[in-house]
> 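I'd like to ask you about the structure that follows.
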Amino acid sequence: MIRRTLVAACLLSTLVTGAADPGLPFQDPSKPVAERVDDLLGRLTLDEKLALLHQAQAAIPRLGIAFHKNGTEALHGVGWSNDQNDGWKQKIASGTVFPQALGLGSTWDPALIQRVGSAVGDELRGLNSENPDLWGLQAWAPVVDLLRDPRAGRNEEGYSEDALLTGAISTAYGKGLQGDDPAHLKVAPVLKHYYAYNNENRRGLESSDLTPRIEKEYYQQAFRTAISANAATGVMASYNKVNGRPTHVDSKLNTEVRSWTDQTLYNVSDAWAPHSLTDYQQYIATKPEAFAAVIKQGLDSFTIDDNRAQPMIDILKEALSKGLLTEADVDDSVRSALTIRTRLGHFDPDGGPYKKITKDVVDSPAHRALNRETAGKAAVLLKNSGLLPLRNPSSAAVVGPLADALHRDWYGGQPSYQVTPLAGVKEKIADVSTGTGLERIALKHLDTGKYVTATDGDVVVADRTALSEWDLTDWTGPVSTLRNVGNGKLLGGNWGPFNTVADNPDGWYVQQQFALEKQADGSYLVKYEGYEIDEGWFWIDEPYVTVGADGVLGMGTKDQAARFAKEILVDGIAEAAKQAAAKDVAVVVVGSHPFVYAREFHDRDDLQLGDGQKRLIEAVRKANPRTVVVLETSYPVILDTPNLLWTTHAGAETGHAVADVLFGAVNPAGRLTQTWYSTDDLPSILNYDIAATGMTYLYNRQPTLYPFGHGLSYTTFGYQGLKAQGNQVSVKVTNTGRVAGDEVVQLYTSQQESRFKQPEKQLRGFQRVSLRPGESKTVTFTVDFSTWDQTRNKWIVERATHDVLVGSSSERIRQRTTLQVRGEVVPPRDLTATTRAMDFDAYSGVKFVPETLLEGDAVAGPGTISFTKARFGAAFTARAAGTGTIEIRRGATLLGTVTVSSADWSTVSAAVKAGSGDLNLVLSEGVRLSSFSLK
């Protein structure tokens with residue numbers, strides 16, 4: 001097991017001026033961290049050690065050690081934590097809520113994001129100073145998951161679909177959280193979620209099948225960047241499997257992740273996931289075996305059982321007694337925990353240099369100003385007919401469901417104040433009208449003629465005499481919410497009869513979601529879309545709203561569904577259009593709700609904006625051609641309109657940022673960090689091989705609406721003098737317009753020939769530069785041309801010609817040249833040596849599976865794996881298992897066949913004709929192949 005000690009900088013003595021007598025060696029800040037940790041470790045009992053492996057680490061009064069809780073959520077501001085002293089209830093932070101992580105990425109500005117991370121670290125320290133039991137200093141942020149599919153429910157949590165960009169932004173945020181003291185941490189950031197995790201439906205059961213090249217160059221790369229830059233103190237394992245093995249027992253947590261740094265890492269489990277190994281995934285037979293594997297494979301902390309560590313302690317003691325785990329294994333993980341706590345100042349007499357930060361810093365004026373700056377820099381101008389920036393309009397209609405509303409997301413805190421887009425525009429123009437642009441409807445049960453009616457109790461009924469009015473919001477896709485006008489509450493599920501008790505869509509199981517399905521006869525069925533319906537234990541596959549004999553609205557199958565008429569009582573779309581027609585300009589603010597249709601545990605099925613919002617845009621544009629659409633979403637949607645500004649849910653300062661951009665106080669320079677596809681016809685979200693599916697700009701074969709890196713400006717930029725030599729690329733960029741602005745200069749390369757399948761183009765560098773009118777700057781990049789050579793299992797630089805492409809998006813290339821990269825020529829593949837089956841050059845049909853429970857990958861049939869440009873001998877020997885055959889072919893020519901007939905791994909062999917060329921191994925169903933040679 002690989003365990004690393006701190007780099008020399010962190011081992012330096014740290015003198016504490018005016019500190020009290022440190023007492024025991026582990027309390028002495030002048031001693032190296034490793035020495036302090038070893039001293040404390042030697043003083044602990046076994047039970048005390050085991051307790052430190054839990055997320056809620058009990059106090060040890062005899063040593064003066066306080067309670068510590070892992071895992072405060074801090075994705076884009078301090079989000080929430082669970083309260084040890086209040087039944088482990090979730091407590092939402094009130095402080096500075098920055099733009100969603102997707103928005104932070106769209107700034108393409110690591111220096112800015114480091115300032116944001118520092119502000120969040122300060123606020124977490126400030127909250128910790130008031131309640132250390134609640135606001136623990138280990139932050140579960142940033143999220144490094146690559147956004148390779150825009151339908152993934154947690155899209156809002158990631159930065160981009162590109163590994164280089166994600167690595168740069170996550171490194172900046174992590175460094176900001178940590179602070180700049182060489183021996184102490186302001187906050188201990190943990191990267192989420194290691195690794196290849198980008199779907200929510202069946203997330204614990206599905207496997208992300210990865211080829212070695214895609215694994216190394218794409219899914220691991222962003223984690224590697226941040227860890228090797230010492231911008232994080234560990235990783236959190238993800239819920240999914242990789243090549244059939246749960247990541248919580250993936251040995252790469254040790255062999256790969258810990259090799260990227262000389263610092264001690266403290267790796268943690270995701271919530272409940274150690275139990276999932278036996279209970280949900282059923283991958284390991286018993287709890288002691290599973291928990292022992294979690295420790296031995298590289299995790300140091302169990303996020304399970306709320307604040308109750310004793311069940312975990314009992315299981316680990318059983319593992320120790322059975323020899324599944326040693327106390328030395330326990331010591332390794334405890335040493336990781338104590339190292340991070342020492343660096344946080346937990347054992348310093350004065351609490352360390354960051355202890356002086358108090359709650360006064362939370363939501364400070366400086367942080368509010370930074371939030372407004374960040375939200376403005378994150379906004380992306382997608383289209384502009386010339387209307388923007390707005391030039392002194394005399395009046396405006398600001399309409400739409402998000403015109404005067406801001407919504408927090410699952411991993412966000414609660415802003416202490418809100419500036420909505422309406423409020424932001426009102427600061428610029430005196431004459432402003434507004435409206436939600438929603439349809440106010442009644443739902444009439446066609447069988448009885450009664451109307452869906454909210455009561456004073458906890459049920460919703462169909463009543464002939466009372467007519468309840470409902471504001472219908474079609475958010476994204478087919479999913480809507482229905483807010484009762486009378487009591488202001490949302491229609492929601494309640495594990496049976498429906499109610500109106502919720503102010504907002506919220507909670508783990510968002511039960512305020514419905515889809516109105518229009519039938520051929522014009523009637524509607526109302527489908528219930530609460531998130532719990534995705535659980536295996538939910539009792540109806542497709543639940544619909546029913547009306548009982550007593551009039552109570554309940555839930556049943558589609559065959560039992562009630563038929564309703566949708567009666568429009570107030571046409572909010574027509575009212576919004578009427579307002580727009582009377583004003584100089586119209587601003588339509590539409591988008592998603594962060595809790596509705598997509599979020600953790602729920603993927604989207606499509607990329608559509610809700611029908612009502614699309615009709616609102618069309619009506620307002622028809623009424624007033626001087627219309628701007630502000631699209632506020634957590635993910636890409638399909639929307640094309642002449643004047644379109646996109647922003648994530650950008651926190652308390654959203655309205656100021658939107659108005660700043662609309663009126664030209666901020667020249668937009670945000671850039672998309674994902675490809676926005678123009679079709680819903682995308683490959684399966686469960687296929688992680690982006691080279692095969694053509695997903696992301698790297699390999700894209702889908703129609704695009706807006707490309708990766710896209711974003712417009714109110715000025716223009718010229719590119720001149722592109723030069724490329726060695727690994728250096730430079731280009732001069734000039735502001736050729738009339739106003740100051742930022743340009744995001746993007747460098748891509750495309751390798752003309754390669755031994756390996758390479759991306760169509762790949763981001764190799766970027767810089768956001770600020771230029772006054774007429775000003776020029778020369779931007780210089782240093783390029784790493786490394787590629788993964790699966791034929792020899794190492795990183796190399798390949799001798800090749802690269803097209804060098806510089807521009808303002810992946811598809812708007814402004815200058816190009818070619819560069820001869822000096823590297824090595826990959827020799828013919830030597831299959832006389834033992835070769836892993838997984839190190840193929842191409843594959844078809846096969847699955848990737850564990851070789852053994854905890855180690856190695858293998859290939860399972862039916863299907864073919866190919867090894868190209870190879871030389872091989874006449875004696876085929878393979879390590880295989882199962883029942884079936886392996887055909888050895890040179891191209892299509894059959895060279896020989898071996899039969900596999902053992903459930904356990906065994907050696908099989910056959911004589912073939914030696915030669916060279918492309919070798920294909922065809923595996924029948926039921927066969928697994930680990931390695932082979934042709935000597």
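This structure is a prediction, so every number in the text was calculated from the model and none was measured.
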> Please check if any side-chain donor atom of Thr96 sits under 3.5 Å from a side-chain acceptor atom of Asn371, or the reverse.
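Asn371 and Thr96 do not have a side-chain donor-acceptor pair below 3.5 Å.
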
> Does the side chain of Val545 reach to within under 4.5 Å of the side chain of Phe564, using non-hydrogen atoms?
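The answer is yes, as the side chains (C-beta and beyond) meet within the 4.5 Å cut-off.
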
> Quick one: which residue pairs count as a salt bridge (Lys or Arg N to Asp or Glu O under 4.0 Å) with a foot in residues 628-650, not counting sequence neighbours?
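The answer is Lys383-Asp640.
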
> Can you establish whether the number of heavy atoms outside Lys578 located under 6.0 Å from its atom NZ is more than 12?
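Incorrect, the count does not exceed 12.
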
> Of the options Asp133, Asn307, Asp306, which is the one that meets Gln84 in a side chain to side chain donor-acceptor pair (under 3.5 Å)?
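The option that passes is Asn307.
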
> Has the side chain of His248 got a donor or acceptor atom that lies under 3.5 Å from a matching backbone atom of Asp270?
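Checking the backbone N and O of Asp270 against the side chain of His248, a donor-acceptor pair under 3.5 Å is found.
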
> If you draw the axis of the six-membered ring of Tyr688, does the NZ or CZ of Arg148 fall within 45° of it and under 6.0 Å from the ring centre?
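Positive - Arg148 is close enough to the ring of Tyr688 and near enough to its axis.
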
> So which heavy atom on Ile92 is nearest to which on Gly412, and how close?
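Distance-wise, the nearest heavy atoms are CG2-O, 4.2 Å.
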
> For a quick check under 3.5 Å, do Tyr417 and Asp363 share a side-chain donor-acceptor pair by atom type?
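No, no side-chain donor-acceptor pair sits under 3.5 Å.
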
> Quick one about Asn82 and Gln55 (side-chain donor to acceptor, distance below 3.5 Å, no hydrogens or angles considered), yes or no?
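Side-chain D/A pair, Gln55 to Asn82: absent.
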
> Below 4.5 Å, heavy atoms only, C-beta onward: do Asp606 and Tyr597 meet side chain to side chain?
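Touching, per the 4.5 Å side-chain cut-off.
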
> Looking just at side-chain N and O atoms, do His193 and Asn240 make a donor-acceptor pair shorter than 3.5 Å?
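No.
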
> Identify, with sequence neighbours excluded, every residue that meets side-chain contact (heavy atoms from CB on, under 4.5 Å) alongside Thr641.
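Here the qualifying residues are Ile617, Arg621, Val629, Leu644.
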
> What do the steps show when you test Glu600 against Tyr411 for side chain to side chain donor-acceptor pair (under 3.5 Å), and what is the final call?
CA-CA 10 Å; Glu600 180 177 0; Tyr411 284 103; 2.6 Å; yes

> Would you mind listing every salt bridge (Lys or Arg N to Asp or Glu O under 4.0 Å) that reaches into residues 540-562, with sequence neighbours excluded?
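Output for this query lists Lys527-Glu542.
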
> Is the shortest distance from a Lys or Arg side-chain nitrogen in Asp83 or Lys69 to a carboxylate oxygen in the other one below 4.0 Å?
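Result for this pair is no, no salt bridge flagged.
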
> Apply salt bridge (charged side-chain N to carboxylate O under 4.0 Å, His left out) to Glu618 and list each qualifying residue two or more places apart in sequence or on a separate chain.
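Checked Glu618 against salt bridge (charged side-chain N to carboxylate O under 4.0 Å, His left out); zero matches.
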
> Does the pair Leu127 and Val78 meet the rule for a side-chain contact (heavy atoms from CB on, under 4.5 Å), with working shown?
CA-CA 9 Å; Leu127 293 169; Val78 183; 3.6 Å; yes

> Run the side chain to side chain donor-acceptor pair (under 3.5 Å) test against Tyr509 and tell me which residues pass, sequence neighbours left out.
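Tyr509 satisfies side chain to side chain donor-acceptor pair (under 3.5 Å) with Glu535 only.
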
> Would you list the pairs meeting salt bridge (Lys or Arg N to Asp or Glu O under 4.0 Å) in which at least one residue belongs to residues 641-659, sequence neighbours left out?
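Qualifying pairs: none.
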
> Taking atom types as modelled, is there a side-chain donor on Tyr531 or Arg599 under 3.5 Å from an acceptor on the other?
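No, because no side-chain N or O of Tyr531 sits under 3.5 Å from a partner of the opposite role on Arg599.
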
> Are any of the side-chain heavy atoms of Thr303 and Trp140 separated by less than 4.5 Å?
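Result yes, sub-4.5 Å side-chain heavy-atom pair found.
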
> According to side-chain contact (heavy atoms from CB on, under 4.5 Å), who are the partners of Gln579, at least two apart in sequence or on a separate chain?
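So Gln579 forms a side-chain contact (heavy atoms from CB on, under 4.5 Å) with Ala397, Val399, Ser433.
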
> Is it true that Lys450 and Asp463 make a salt bridge, defined as a side-chain N closer than 4.0 Å to a carboxylate O?
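A salt bridge is absent here (no side-chain N lies under 4.0 Å from a carboxylate O).
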
> Between Asp447 and Arg563, is there a side-chain N and carboxylate O pair less than 4.0 Å apart?
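The answer is yes: the pair qualifies as a salt bridge.
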
> Quick one: list whatever passes side-chain contact (heavy atoms from CB on, under 4.5 Å) with Arg202, sequence neighbours left out.
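By the side-chain contact (heavy atoms from CB on, under 4.5 Å) rule, Arg202 matches Leu205, Glu206.
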
> Partners of Phe601 by ring-ring contact (aromatic ring centres under 6.0 Å, His included), sequence neighbours excluded?
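Residues passing ring-ring contact (aromatic ring centres under 6.0 Å, His included) with Phe601: Trp508.
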
> Indicate the atoms forming the closest heavy-atom contact of Asp409 with Pro594, along with that distance.
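Asp409 and Pro594 have their closest heavy atoms at CB-CB, 3.5 Å.
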
> Can we call the ring centroids of Tyr544 and Tyr528 under 6.0 Å apart?
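So the answer is no for these two rings.
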
> Would you mind listing every salt bridge (Lys or Arg N to Asp or Glu O under 4.0 Å) that reaches into residues 491-518, with sequence neighbours excluded?
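Listed by first then second residue: Arg408-Asp506, Lys489-Asp503.
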
> For Gln511, enumerate each residue passing the side chain to side chain donor-acceptor pair (under 3.5 Å) test, keeping only those at least two apart in sequence or located in another chain.
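Per chain and number, Gln511 pairs via side chain to side chain donor-acceptor pair (under 3.5 Å) with Glu532.
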
> Any luck finding a side-chain donor-acceptor pair between Asn487 and Thr500 under 3.5 Å?
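Per modelled atom types, Asn487 and Thr500 side chains form a pair under 3.5 Å.
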
> Between Asn155 and Ser634, is there a side-chain donor-acceptor contact under 3.5 Å, judged purely by atom types and distance?
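Their side chains do not contain a donor-acceptor pair, so the 3.5 Å distance test is not met.
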
> Would you call the rings of Phe595 and His593 parallel, tilted or perpendicular, taking 30° and 60° as the class edges?
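Geometry flag for His593 against Phe595: perpendicular rings.
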
> May I have all residue pairs that pass ring-ring contact (aromatic ring centres under 6.0 Å, His included) and include part of residues 621-658, sequence neighbours excluded?
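Of all non-adjacent pairs touching residues 621-658, those that pass ring-ring contact (aromatic ring centres under 6.0 Å, His included) are Trp646-Trp676.
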
> If only side-chain N and O atoms count, and only distance matters, is there a donor-acceptor pair under 3.5 Å linking Ser523 with Asp521?
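The answer is yes; a qualifying pair exists.
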
> Identify the heavy atoms of Gly591 and Trp475 that sit nearest to each other, and give their distance.
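What the structure gives for the nearest pair is O-CE3, 3.5 Å.
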
